[in-house]
Amino acid sequence: FIDDLDDEALKMGASVDVLVSISNSCTLQACLQLTGEQSRFVPDLVSPTIAALLPGKITWEAYFVDSYRPNPKDYFPEEQLLQFTIKA
């Protein structure tokens with residue numbers, strides 16, 4: 001899924017960002033809770049697997065997306081965004 005422009009950017013020393021969206025995963029609630037608790041353990045199998053498949057030095061960040069709710073305490077994310085940064 002990385003195209004020729006991304007290959008050129010990596011060869012020139014730039015980084016390439018890849019965004020992956022995961023909807024309603026079985027580990028979504030656990031990831032959210034443990035991330036909020038700042039635990040070292042994260043029950044995420046998708047991020048390390050994708051990072052292992054991508055070439056180069058990989059870092060990633062996870063973001064949680066929730067649809068609008070009138071009460072801000074009602075936070076139930078339905079989607080997780082994983083942003084991978086690839087460096088040569």
Measure the shortest side-chain to side-chain distance between Asp17 and Gln83 over non-hydrogen atoms and say whether it is less than 4.5 angstrom. yes
So do Val65 and Leu81 actually touch side chain to side chain, heavy atoms under 4.5 Å? yes
Taking every heavy atom of Ile86 against every heavy atom of Leu10, the minimum-distance pair comes out as O-CD2, 3.5 Å
Would you say that Thr59 contacts Phe84 through its side chain, given a criterion of any heavy-atom pair below 4.5 Å between the two side chains? no
Ignoring hydrogens and geometry beyond distance, is a side-chain donor-acceptor pair present between Glu78 and Ser23 at under 3.5 Å? no
Minimum side-chain heavy-atom gap Thr85-Trp60 below 4.5 Å: no
Heavy-atom side-chain contact between Leu19 and Leu82 under 4.5 Å: no
With rounding to the nearest 0.5 angstrom, report the OG to CD1 distance, Ser47 to Ile58. 11.5 Å
